[in-house]
Each structure stands twice: as C-alpha cells, then as structure tokens.
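All values below come from the heavy atoms of this structure, side chains included, with hydrogens, waters and symmetry mates left out. In the text below, chain A, chain B and the rest are named by the order of the sequence lines, each starting its count at 1.
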Protein chains: 2
Amino acid sequence: MSDQKSGTHAQRALITLRQRILNGQIAGGTRLFEVALAEELGISRTPVRAALARLAEEALLDRTSGGGFAVRSFAVRDVVDTIELRGVLEGTAARLAAERGVPADMLAQAREIIRQIDRLFSNETIDMEGYSALNTRFHAHLAHMSQSDVIQRQIERIITLPFASPSAFLDDHSHQLALIKTLGAAQEQHRAMIDAITNREGARAESLAREHARAARRNVEMLLGQEAALREGVPSLAILAT
Amino acid sequence: MSDQKSGTHAQRALITLRQRILNGQIAGGTRLFEVALAEELGISRTPVRAALARLAEEALLDRTSGGGFAVRSFAVRDVVDTIELRGVLEGTAARLAAERGVPADMLAQAREIIRQIDRLFSNETIDMEGYSALNTRFHAHLAHMSQSDVIQRQIERIITLPFASPSAFLDDHSHQLALIKTLGAAQEQHRAMIDAITNREGARAESLAREHARAARRNVEMLLGQEAALREGVPSLAILAT
DNA sequence: AAGGTGGCCGTTGTATACATTTGCGGGAAA
DNA sequence: TTTCCCGCAAATGTATACAACGGCCACCTT
C-alpha cells in the first residue's frame, strides 16, 4: 500500500512517514527509532535518517536531547495559533504589497483568479476541488505580491501543515453544506484585498487578510463542536492530539 | 583554529560551517559539496551530511534541485524584511499576551528585567554586554508571555539569524556612540509594551513591538550608509551579499 | 534496606565501499 | 555550424559494519 515507486528510498520514506504523522497514525510525542523504521520499511538506516531530518525541517518532528526524533504533538490551541499565524503572515504580505506597490500585470493576474472563481459560482453546483485549487493559487499569488522573499518563504513553510493551508477543510467532505455558504463572503474578501492593495491602503489590506484567515478558525471550532464521529471525515484534523 | 573539541563530528562541522556562512567567508549561492567538505574537515561524508541538513533547517542553506545544498544569499532587502518579520511576530506575541491575559508573576518577571536595565542606566558608562543580555532576555520573555508555543517557536527560529536578533548590532563595536543614545527610547518602549499588555490593550502592544523593531532597521540603514571600511567591525552584517 | 557500581543492550555516530543518477562535454551526423 | 547522443566523471544515494555513548537493571556491598 505504501510502495509508491517514485524516486529514492529517502523520498518514499519521507512521504510514508509524513502521511502517517498527518493521519494521526503515530501519536504525538512518540519517539521514532531509525532501526525500527528501517526494518519496517525494508531499507537501511541511511535514507531513514535523511527522511527524519526533512520531517524535522517541516516541523513535524522535534529533535530530542539525546539526538533522536519525536513526533510533534498538536493540541487544538496549536492548530488555532497556527491559523492565526497564517493570518498574520498573509496580512503582512498584503500590507507590504500595498505599501510597496504591485506592478499592473501582477494585479491583473490576481483579478483573473478572482474572475475564475466568480465563473465557478455561476454554475448551479459548486466544484469544490476547482474552488480549492483556485483559492490556493490566489493565496500563493498574494504571498508573491509582497515582493518579499522572506515573507513568501515563511508562508510557504507554514502552509505545508494541512490544517494551516488556505484551502484546509475545503477538500474534507463531511461538512461541505455549511462551508459552501461561506464561500461567497470569502470571495468578497479576496476582492476587497486586491482593491486595498491597488489603492495602496496597507492597513486595510492587512486587516482584511487577517479576518479572512479567521474563517478557517471558525471552521475548526465548528468541527470540534461536533460529535467525534462526524470528525472522521476531516483528514486535516487527524493529527490532533486526543 | 576550528578544532573545538565539543561533542560529535557532526556538531563540530555544524558550528564551523555556520560560522563560515555567517562570516561571509562562503559567498551566497555557493554550492557545498559533501566530499570536498569532508576532506577539508578531515571527517567522512556522513557527519557532513548531518551538518548540512541542520543548516538547511536553520535556513542558512537552500536545497538545490539535484539533491545538494547551496549557501543562501542575503541581500539588503532580505535583512530589512527579516527585521520587519521579527517586528510582526513580536507584535503578535505582544497582542496575544494582551488579549489572553498574562499571569501576575509573569508580568512581574518582565518588570524585573526592565528594572535591571534601569539599574544599568544609572551607571556612568553603559555596560553594553550587560544591556545586550538583558535585552535578549526581555524579548525572549515577551515571546513566552504570548502563551503560544507556535509563535514562540517562530520567533526563536528567526532570531537565530544574527542580524534578526533583538540584540543585533549591540555587540558590534564600530558605532556604539550613535547606538547608546537610542537605548533610552528603546527602554521606554519596553515599559510601554508591558503597560499595554497589563491593560489588555492588544492593538497598542502590537504596534509598540513593531515600532520597537524598526530601531534595528534604522541601524542597518545607518550602517549601510557608511563607508565600507566602517562596516568591517559589524559581524552581524558580514553575511550580506556584496 | 538503600545506595552505589558494574556491565549489558539499545540507540545514535561514523567510516567506507558500492550503486545510482545527473550534468556536461565531445564527437559524429545532418 | 548546429544538434543530438553517447559516455565519462563527479556528485549524491544506499547499505553495512563497527564505534561510542547512555540508560537501565541487576547485583553486590555496606
């Protein structure tokens, strides 16, 4: 089941382990041992070490004092704070874009993405995968518009966590009914952000981006208010410590 | 000269390479080869790889497409943006502290640090090393008061870059005359931040922390305005791409 | 019974040989 | 001359054996 054939052993191990951690198959705090993993995956310790190092880089593992690795554990508070952090970073990207000014063609690209999302809305049934993809593109483009490599890197880094991605929960099928109603408001915020950036209104752009991220926080809180059974279908939250 | 005796080969290699990069001895963009480094350091490829992986984790190296590593290059813009980012993160820490409320003893600790800095000022000549240490402690404590592990980690991560540290330039001896005059204002900002947090004034706490970081940016700009010769004594900026 | 102390075993650290990949350069053909 | 392709060399990927470190437990001593 986990024998993807792509690339090197280290890459496969990385993918497998990442998936297990994000799935919650390995509890937070669990120490990972090179030999055990190597035997289980049928490879030697060397590629395992490489994979573990990359997972530490992705902040999914902590380095323990003795030199080993342990799975990082995410409490609800951490998920909320991480979403807050994304809001802060995207807010900064939006503010910098406004303050520094964005070339016309870059703004045009942003508006084009918004237009494509509008087009999706004109259909009777919403194509959630399509929306998710376009939404991700919009947010990536926002980071790009900051014209700051430093900010862009930080944003890219943080959204590797599935629950911190701008399109978190959009692909999770358990509660789409409630979600769909919020998409219209989200799109209005997209529009307002680009408007603020166009007018060089830094403070407005920043606070819009922050509020925009709050929607994700509301989703988390809504999901956690439900019965556990209903949460089964939400892979983005599977990593949560119980 | 580089044969510190502490710990493992990997640790020594990490320290040596980190120092070289921060010193600017290895130009940004330079690709690092395992074999070459191993031979030069007199160790095998294995600990070299480990060291390179950690440096990538510290964002001092980029991973190249083929699987190798290259020294990250920092332009002036990147330094400025990184300081801005610290301001944003510390601002967020201050805001969260204010919004969430900070236990009395934690606030007391913050005030104690401020008091110790006051005491330094009462001397005729300022003990810069002492100020630097206390200032670092104050900022670390601020991150702690956010009561957010996520935010705290981000701040700790970013201030490993010497020019992004809250006490950057304080230990660089070339221009202390100009700096000393700014310390009083900085201390007033420390005081105001704690006041804002005590009164649960989130927005005020945030904007104070941001403005506080601007001082570091001014220092960079001042230093870069000087003749190159005068910059020799500023190790924090040695990494800058020429 | 309590405390120290020895050694075993599990874990990471390191070196090294070999496999695999990739990028570049040179040569041949169009 | 240009382009394509082949092959070599240099780089990373991998396995494996052994070293070194450390924690734990059992046993011995007082």
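A:Ala10 comes within contact range of the sugar-phosphate backbone alone, with a heavy-atom separation under 4.0 Å but no base atom that close. Using a 4.0 Å heavy-atom cutoff across all strands shown, B:Leu52 reaches no nucleic acid atom at all. Residue contacts for A:Thr8: at a heavy-atom cut-off of 4.0 Å it reaches the sugar-phosphate backbone alone, with no base atom in range.
With no hydrogens or angles considered, a side-chain donor-acceptor pair links B:His212 and B:His139 at under 3.5 Å.
In this structure, B:Arg45 atom CZ and D:dA11 atom P are separated by 11 Å, rounded to whole Å. Following rounding to the nearest Å, B:Glu34 (CD) and C:dT20 (C1') show an atom-to-atom distance of 14 Å. Between the CG atom of A:Leu41 and the P atom of D:dT14 there is a distance of 12 Å, given to the nearest Å. Rounded to an integer number of Å, the gap from A:Arg31 CZ to C:dG10 P is 14 Å. Protein atom CG of B:Leu61 is 12 Å distant from nucleotide atom P of D:dT12, rounded to whole Å. Rounded to a whole Å, the CD1 atom of A:Ile43 is 15 Å from the C1' atom of C:dA19. The separation between A:Phe33 atom CZ and C:dC9 atom P is 17 Å, rounded to whole Å. Atom-to-atom, CZ of B:Arg63 to C1' of D:dA11 comes out at 16 Å; the value is rounded to the nearest Å.
A salt bridge does not link B:Asp78 to A:Arg153: none of the charged side-chain nitrogens sits closer than 4.0 Å to a carboxylate oxygen. Salt bridge annotation for A:Glu57-A:Arg63: absent, with no cationic side-chain nitrogen under 4.0 angstrom from a carboxylate oxygen. Checked for salt-bridge contact, A:Glu40 and A:Arg20 meet the test: a charged N lies under 4.0 Å from a carboxylate O. Look at B:Asp105 and B:Arg111 and you find no salt bridge, because none of the NZ, NE, NH1 or NH2 atoms lies under 4.0 Å from a carboxylate O.
Mapped onto DNA chain C by nearest heavy atom, B:Gly66 and B:Thr46 fall at different nucleotides, with B:Thr46 at the one closer to the 5' end.
Side-chain nitrogen and oxygen atoms of B:Ser44 include at least one within less than 4.0 Å of the OP1 or OP2 phosphate oxygen of C:dA15. Proximity of B:His9 to the phosphate of D:dA20: no side-chain N or O atom is located under 4.0 Å from OP1 or OP2.
You'll find that the side chain of B:Val35 is closest to D:dT12, out of D:dT12, C:dT14, D:dT14.
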